[in-house]
Protein chains: 2
Amino acid sequence: MSTLELPYDVYQDRCPTRLVLDRLADKWALLILDRLKDGPVRFNSLKRDIMRITPKVLSETLRKLERDGLIARAVFATVPVTVEYSLTPLGDTLTDTVSALAHWAERNMDAVLAAQAAYDAASEVAARPTPGLHRLR
Amino acid sequence: MSTLELPYDVYQDRCPTRLVLDRLADKWALLILDRLKDGPVRFNSLKRDIMRITPKVLSETLRKLERDGLIARAVFATVPVTVEYSLTPLGDTLTDTVSALAHWAERNMDAVLAAQAAYDAASEVAARPTPGLHRLR
DNA sequence: TAAGCTGGTTACCTGGAAGAAACTGCCACT
DNA sequence: AGTGGCAGTTTCTTCCAGGTAACCAGCTTA
């Protein structure tokens, strides 16, 4: 497999689908898209709602999503300037599948947590060096 | 909705749904789940198919997915030991939505790339400091 | 006049993930 | 006796997303 490689393959890193997938693989982006699916939201409203997000990361993520054409940024010349972020038609089609993912998470959360607990319990037993000894640290 | 906030909110970081979402926000994990949806695959087969993945990252990601109960690891005592990774029933329900995401990416890839190009062109013009000057660096 | 709202930007720093490369042990083939 | 496939592990290093904190301008309210 060394000398001759075919240049175009789905699992190659040149595939643009992989680029799109990479963008979705972002914990904040998914959260923002989900928050926007009920209508336009302002910057500081997003900042307050999505807890623990910093303004820097929020503005960076918003700009990435805007660059991808998934959300739109609208500036209103109100008393203090108002900026609203909303889903584009393209972004709207995406949130259908994103919320499908979120619903999967809600439904199967318990199963995942149970699996994690079982896995951790099993590996803890396996890692025990000499049973019967007090474990230091 | 301002003064009194309920202690349990979906967007709080204590929400386990967010933990599940974080796991899915992994470029390699999504790729692996997608690769496994047609049947069990061996370690080195995955390594060859998903190009540019290192054995270290592959084994780490597989272990995370196994811990979450999404994939199963089966060891066969063949001549050189064979290890097969396959989707659990839980993982199988997930790949339905994951492939929905992948299909969205395939369908809308062009729109996203076009949006990126438009955005970049617009911001390049906006960033031009004094038109007519040579840009140093 | 000082704090607080609006929507961000900037500079600095760090932790942890990802990558590179070497190595393990066992066996089969040549 | 050497090479290669199997399924990883270990070590080292690098890199950058994300976090911290301060700051900007303009307006309002106390």
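Order of the sequence lines sets the chain letters (A, B, ...), proteins ahead of strands, with each chain counted from 1.
- Across the protein-nucleic acid pair, B:E84 atom CD and D:dG8 atom C1' stand 17 Å apart, rounded to whole Å.
- As a whole-Å value, the separation of B:L58 CG from D:dT10 P is 16 Å.
- Counting only residues at least two apart or in different chains, salt bridge (charged side-chain N to carboxylate O under 4.0 Å, His left out) contacts with residues 67-79 of chain B comprise A:D120-B:R67, B:R23-B:D68.
- For B:T61 and A:Y85, each mapped to the nucleotide of DNA chain C holding its nearest heavy atom, the one lying further toward the 5' end belongs to A:Y85.
- Among D:dT11, D:dA7, D:dT20, the nucleotide with an atom closest to any side-chain atom of A:K56 is D:dT20.
- Scanning all heavy atoms of the two residues, the minimum distance from B:T93 to B:L90 falls at OG1-O, 2.6 Å.
- Atoms CD (B:E60) and P (D:dT9) sit 9 Å apart, rounded to a whole Å.
- Looking at A:T82 and A:T78, their side chains do bring a donor and an acceptor atom within 3.5 Å of each other.
- For A:V57, counting side-chain heavy atoms from C-beta on, the closest listed nucleotide (D:dG18, D:dG8, D:dA7) is D:dG18.
- One can place CG of A:L62 at 16 Å from C1' of D:dA17, the figure rounded to the nearest angstrom.
- Both A:V41 and A:V83 are members of a single hydrophobic cluster when ILVMFWY side chains are connected at heavy-atom separations under 4.5 Å.
- In this structure, B:I53 places its CD1 atom 16 Å from C1' of D:dT9, rounding to the nearest Å.
- Summarising the geometry of B:F43 relative to B:P55, their closest heavy-atom pair is CZ-O, 3.8 Å, with the distance given to 0.1 Å.
- Set against D:dG18, D:dA7, D:dC27, the side chain of B:T82 has D:dA7 as its closest nucleotide.
- Look at B:R48 and you'll find a side-chain N or O under 4.0 angstrom from OP1 or OP2 of D:dC6.
- Taking every nucleotide of DNA chain C with any atom under 4.0 Å from a non-hydrogen atom of chain B, the first and last of them, 5' to 3', are C:dA18 to C:dA28.
- Within the structure, every side-chain polar atom (N or O) of B:S59 is placed at least 4.0 Å from both OP1 and OP2 of D:dA7.
- Here the C1' atom of nucleotide D:dG8 and the NZ atom of B:K64 are 16 Å apart, to the nearest Å.
- Residues A:T95 and A:D92 come closest through the heavy atom pair OG1-O, 2.7 Å.
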Go through the steps to decide whether B:L46 and B:L36 satisfy the test side-chain contact (heavy atoms from CB on, under 4.5 Å), and finish with yes or no.
CA-CA 9 Å; B:L46 278 171; B:L36 253 51; 3.8 Å; yes
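- Between the P atom of D:dG4 and the CG atom of B:N44 lies a distance of 15 Å, rounded to the nearest Å.
- Of all nucleotides listed (D:dA7, D:dG26, D:dG18), D:dG26 comes nearest to the side chain of A:P80.
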